[in-house]
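Notes follow once the structure below has been shown.
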Amino acid sequence: MRYDAKMSLTACFEQLENMLNTLCLTLSQTPGIQAQVYQLPDRLKGEENEEITAVSVIPVSGDTATNMALAHYQRLFIFDNDHNISSKSAVRLPGVILVPLPRAEQRQVKQQLDDINTLKKQLAKIVTETSGVDKTQRFEFVHNQIKGLITLNAYRQIQSVTSPDTVRFGWANKHIIQKVDRDELLAQTEERYQNPRAIAPHTREAWQAFLATEIAALKQIPADAVLKIKRPVKVQPIARVWYSEAQKQVQYANASPIIVFYDGDENRPVTGDLPDYDAGNIKVRHRPQAKKLISVIPRLHLFMEII
């Protein structure tokens, strides 16, 4: 399928939404389709940046799981959430959809998936590149045209695999560390100060006052200081897919159910369960020596390196 490089945001999204509806209808009508998904606790407004140390999962199977999995692919708007649920946190539903289809029919559904994932990339490219909109203005650019869109859900690729032997689940937990320039960060914060918007649970005025304290803190940092953002990645469910013949394991982020195609009941993959997450039971095999850091702005996970 060809896509116009100059396709508008709304046209791209409408095409994506229609194709998602078609895919979910196709899968729902597939004889023998099965699903196993795991409900995770919702993140409430104001709790987005709190550290997650434990996650209790609720396994769901049968027709209920299949319906939940397909609905998850189509969950693209904040209006689909309860009003107390954060619209900033990712909407996740780990699990698996097992799709028994002959190879010829598999190819047709896989083409649908390829087209959907291409449109998702196109949508992200329109927002981040083609539009020419500054990073700080992307939120307004998107929501002025598609009100209430959860961009992360719209961008997220749908993963699929073919004829693995096992699909098992677990958790991944790590930090992202990147150097940042003080002046660039200061300019971004001052831009937000000049054009503030309410950030729950703060009012617009309270948020502006909060930004003013961060601007003052940034101005006190020496110009030659080494600054790093050390941001914990929210613990993520993962799927580990194993192919016995190749003696190969492939790991996938499992924020959405992974689609597993197979041909014939005798080739049905073995699936595992997603356990509850407990940070206290995570064993670190190797922790490299890190430079000492002191916290500068906790909200931004901004640290200054100690020489």
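As a basis for the values below, the full set of heavy atoms in this structure was taken, side chains included, without hydrogen atoms, waters or symmetry mates. The chain is numbered in sequence order, starting from 1.
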Supply the atom-to-atom distance [X] [atom1] to [Y] [atom2], rounded to the nearest 0.5 angstrom.
X: Asp276; Y: Ile58; atom1: CG; atom2: CD1; answer: 9.5 Å
X: Leu40; Y: Leu274; atom1: CG; atom2: CG; answer: 7.0 Å
X: Leu149; Y: Tyr155; atom1: CG; atom2: OH; answer: 7.5 Å
X: Glu191; Y: Asp134; atom1: CD; atom2: CG; answer: 7.0 Å
X: Glu214; Y: Leu211; atom1: CD; atom2: CG; answer: 5.5 Å
X: Gln178; Y: Leu227; atom1: CD; atom2: CG; answer: 11.5 Å

Do [X] and [Y] land in one hydrophobic cluster if side-chain heavy atoms of ILVMFWY residues count as linked below 4.5 Å?
X: Leu93; Y: Leu113; result: no
X: Leu25; Y: Val109; result: no
X: Met19; Y: Val99; result: yes
X: Leu123; Y: Phe77; result: yes
X: Tyr252; Y: Val37; result: no

(Q) Walk me through whether Tyr243 and Gln249 qualify under side chain to side chain contact (heavy atoms under 4.5 Å, CB included). (A) CA-CA 6 Å; Tyr243 301 88; Gln249 177 178 277; over 6 Å; no
Q. Hey, do the aromatic rings of Tyr38 and Tyr277 have their centres closer than 6.0 Å?
A. no
Would you name the heavy atoms of [X] and [Y] that are closest together and state the gap between them?
X: Pro298; Y: Ser295; result: CG-OG, 3.9 Å
X: Gln159; Y: Ala253; result: CG-O, 4.5 Å
X: Arg240; Y: Gly170; result: NH1-CA, 3.8 Å
X: Arg92; Y: Pro237; result: NH1-CD, 3.5 Å
X: Tyr73; Y: Pro257; result: OH-O, 2.6 Å
X: Met68; Y: Val60; result: SD-CG1, 3.9 Å

Side-chain donor/acceptor of [X] to backbone N/O of [Y], under 3.5 Å:
X: Gln106; Y: Leu101; answer: yes
X: Lys120; Y: Ala154; answer: yes
X: Trp171; Y: Asp278; answer: no
X: Gln157; Y: Asn117; answer: yes
X: Ser131; Y: Ile126; answer: yes
X: Gln247; Y: Ser244; answer: yes
X: Asn254; Y: Pro94; answer: no
X: Lys248; Y: Val241; answer: no

Q) Are Lys219 and Glu190 close enough, and set up right, to give a side chain to side chain contact (heavy atoms under 4.5 Å, CB included), and what steps lead you there? A) CA-CA 11 Å; Lys219 287 182 176 179; Glu190 288 176 334; 3.6 Å; yes
Would you say that [X] contacts [Y] through its side chain, given a criterion of any heavy-atom pair below 4.5 Å between the two side chains?
X: Thr66; Y: Ile97; answer: no
X: Ile221; Y: Arg182; answer: yes
X: Val91; Y: His72; answer: yes
X: Pro269; Y: Leu98; answer: yes
X: Phe210; Y: Arg299; answer: yes
X: Ile158; Y: Ser256; answer: no
X: Phe169; Y: Val57; answer: no
X: Val180; Y: Leu300; answer: no

**Q.** ILVMFWY cluster membership beyond Leu293 - transitive side-chain contacts under 4.5 angstrom
**A.** Phe303
Q) Got a sec, which hydrophobics cluster with Ile238, joining ILVMFWY side chains under 4.5 Å apart, including via others? A) none
Q.
Under a 3.5 Å threshold, yes or no: a donor from one side chain and an acceptor from the other, between Glu14 and Asn18?
A. no
(Q) Can you confirm whether the side chains of Asn21 and Glu17 place a donor and an acceptor under 3.5 Å from each other? (A) no
**Q.** Criterion side chain to side chain contact (heavy atoms under 4.5 Å, CB included) on Thr151 and Phe139, from CA distance to verdict
**A.** CA-CA 9 Å; Thr151 52; Phe139 181 90; over 6 Å; no
Q: Start with the C-alpha distance between Leu9 and Phe141, add both sets of side-chain angles, then the distance that settles side chain to side chain contact (heavy atoms under 4.5 Å, CB included), and finish with yes or no.
A: CA-CA 10 Å; Leu9 181 67; Phe141 171 73; 4.0 Å; yes
(Q) Just checking Lys125: does its NZ atom have more than 12 heavy atoms from other residues, nucleotides or ligands closer to it than 6.0 angstrom? (A) no
